[in-house]
Q: 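My questions will all concern the structure given below.
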Amino acid sequence: MSLKDKIIISKLPEHIAVIMDGNGRWAREKGYERIFGHQNGVKAVRNVVEAAGDLGLKYLTLFAFSKENWCRPRSEIDALMDLMATTINSETETLIKNNIRLLIIGDRVRLPSRINGELNEVTEATKNNTGLTLVIALSYSSRWEITRATAKICEDIKAGKLKEINEEIFNSYLATSGIPDPELLIRTSGEFRISNFLLWQIAYAEMYFTKTLWPDFGKEDFYEAIISFQNRERRFGKTGEQSK
Ligand code: FPP
């Protein structure tokens with residue numbers, strides 16, 4: 001029996017975010033170069049996107065490359081960029097066929113222009129799709145996003161376009177504007193960190209950490225995380241009695 005059958009579809013989180021970690025260790029354990037781990041990580045991406053689409057999830061955000069990842073060896077960065085460009089290009093048809101809308105969040109200025117070109121084409125080609133919204137965080141960090149939002153708010157106040165700031169207004173200046181906050185955050189590879197990912201947005205997300213390295217993370221692991229989420233009591237600051 002698949003764990004999928006235990007998921008209560010009416011209680012599905014609207015948005016799941018994933019920190020895909022452990023590709024390098026997965027490859028090293030097998031005696032391969034780190035890039036082999038990233039290549040196999042793409043298979044896990046496919047599985048999770050397919051599972052999310054089949055379940056009818058509305059939003060899935062994947063942390064593919066952080067701003068801090070620019071500090072990695074040049075050879076790994078180049079190989080990762082190539083891998084992403086090839087994957088995004090070869091998956092466009094599948095995204096369209098499966099009614100998936102692709103969105104990118106992150107500081108695109110540092111991305112190679114060929115990657116930016118590919119990304120623009122795919123986001124344009126999928127922009128009217130109404131199924132799963134797949135958000136890829138690329139060259140993303142939460143502190144970058146929050147600082148950029150603050151700078152834009154200051155500009156707009158100075159220009160007289162903005163009169164007040166509240167949580168809703170601040171939210172609308174973030175890269176995730178228009179996207180509901182993740183209700184479940186998954187991190188693979190046994191690390192218990194958030195690594196500068198969606199710090200504002202995960203204020204009330206449920207955390208799910210698993211030792212499984214990302215390339216080994218399959219559909220059943222994804223279902224298990226959702227079942228764990230569905231068994232939590234989410235109180236949002238209220239007492240247990242109030243939230244029942
Ligand atoms: C973290 O593992 C993983 C990454 C930095 C890259 C993840 C990217 C992919 C799986 C490709 C995704 C492609 C698309 C199109 C979304 P790590 O290298 O930090 O592993 P380690 O902690 O074991 O060293």
Side-chain angles (χ1 to χ4, degrees), residues 16-53 57 59-96 98 100-108 110-112 114-123 125-126 132-142 185-198 209-219 221-222:
I16 299 178
V18 188
I19 302 177
M20 312 182 284
D21 195 16
N23 292 352
R25 274 164 287 165
W26 184 90
R28 286 289 186 219
E29 274 173 13
K30 293 178 164 45
Y32 291 103
E33 294 296 322
R34 296 173 52 83
I35 188 63
F36 185 64
H38 298 313
Q39 285 159 352
N40 281 275
V42 171
K43 291 183 196 161
V45 169
R46 269 195 211 103
N47 280 331
V48 167
V49 172
E50 204 176 289
L57 191 78
Y59 295 88
L60 176 70
T61 298
L62 302 178
F63 201 5
F65 195 83
S66 70
K67 273 183 82 77
E68 291 76 17
N69 287 151
W70 289 113
C71 300
R72 290 196 173 193
R74 192 73 243 170
S75 57
E76 182 173 342
I77 294 175
D78 289 345
L80 251 175
M81 291 297 147
D82 274 345
L83 181 66
M84 291 202 226
T86 318
T87 308
I88 287 162
N89 200 322
S90 65
E91 297 295 322
T92 308
E93 284 298 299
T94 316
L95 294 177
I96 294 169
N98 290 288
I100 298 172
R101 175 170 73 129
L102 183 78
L103 293 180
I104 308 292
I105 56 168
D107 185 7
R108 304 252 312 251
R110 290 190 69 177
L111 291 177
R114 112 197 111 85
I115 302 261
N116 270 322
E118 302 272 8
L119 294 174
N120 289 340
E121 273 179 34
V122 188
T123 46
T126 62
L132 173 72
T133 295
L134 173 61
V135 184
I136 306 280
L138 248 184
S139 189
Y140 171 88
S141 91
S142 207
L185 174 74
I186 300 172
R187 180 171 191 147
T188 60
S189 94
E191 308 288 359
F192 299 97
R193 293 190 281 276
I194 303 302
S195 301
N196 216 349
F197 187 46
L198 302 177
F209 297 101
T210 170
K211 279 188 178 161
T212 306
L213 302 175
W214 178 250
D216 287 331
F217 192 84
K219 289 186 182 182
D221 299 288
F222 188 61

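Both counts, for ligands and for their atoms, begin at 1 and track the order of listing.
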Q: Any carboxylate oxygen within less than 4.0 angstrom of a Lys/Arg side-chain nitrogen, looking at Arg114 and Asp82?
A: yes

Q: By salt bridge (charged side-chain N to carboxylate O under 4.0 Å, His left out), which residues pair with Arg108, not counting sequence neighbours?
A: none

Q: With side-chain hydrogen bond (donor to acceptor under 3.5 Å, both in side chains) as the test, would you mind laying out the steps for Thr94 and Arg46 before giving the verdict?
A: CA-CA 10 Å; Thr94 316; Arg46 269 195 211 103; over 6 Å; no

Q: Quick one, Phe197 and Thr61 - any side-chain contact, counting heavy atoms below 4.5 Å?
A: yes

Q: Taking only residues two or more places apart in sequence, or in another chain, which ones meet Phe222 in a ring pair (Phe, Tyr, Trp, His ring centres under 6.0 Å)?
A: none

Q: Could you work out, with ring pair (Phe, Tyr, Trp, His ring centres under 6.0 Å) as the rule, every residue matching Phe36, not counting sequence neighbours?
A: Trp26, Tyr32

Q: Quick check for students: name every N or O atom pair between ligand 1 and the protein closer than 3.5 Å, with distances.
A:
unit_1	atom_1	unit_2	atom_2	d
ligand 1	2 (O)	Gly22	N	3.4
ligand 1	2 (O)	Asn23	N	3.4
ligand 1	18 (O)	Arg34	NH2	2.8
ligand 1	18 (O)	Arg72	NH1	2.8
ligand 1	19 (O)	Asp21	OD1	3.2
ligand 1	19 (O)	Arg72	NH2	2.8
ligand 1	20 (O)	Gly22	N	3.4
ligand 1	20 (O)	Asn23	N	3.2
ligand 1	20 (O)	Gly24	N	3.0
ligand 1	22 (O)	Asp21	OD1	2.9
ligand 1	22 (O)	Arg25	NE	3.4
ligand 1	22 (O)	Arg25	NH2	2.9
ligand 1	23 (O)	Gly24	N	3.4
ligand 1	23 (O)	Arg25	N	2.7
ligand 1	23 (O)	Arg25	NE	2.8
ligand 1	24 (O)	Arg34	NH1	3.0
ligand 1	24 (O)	Arg34	NH2	3.1

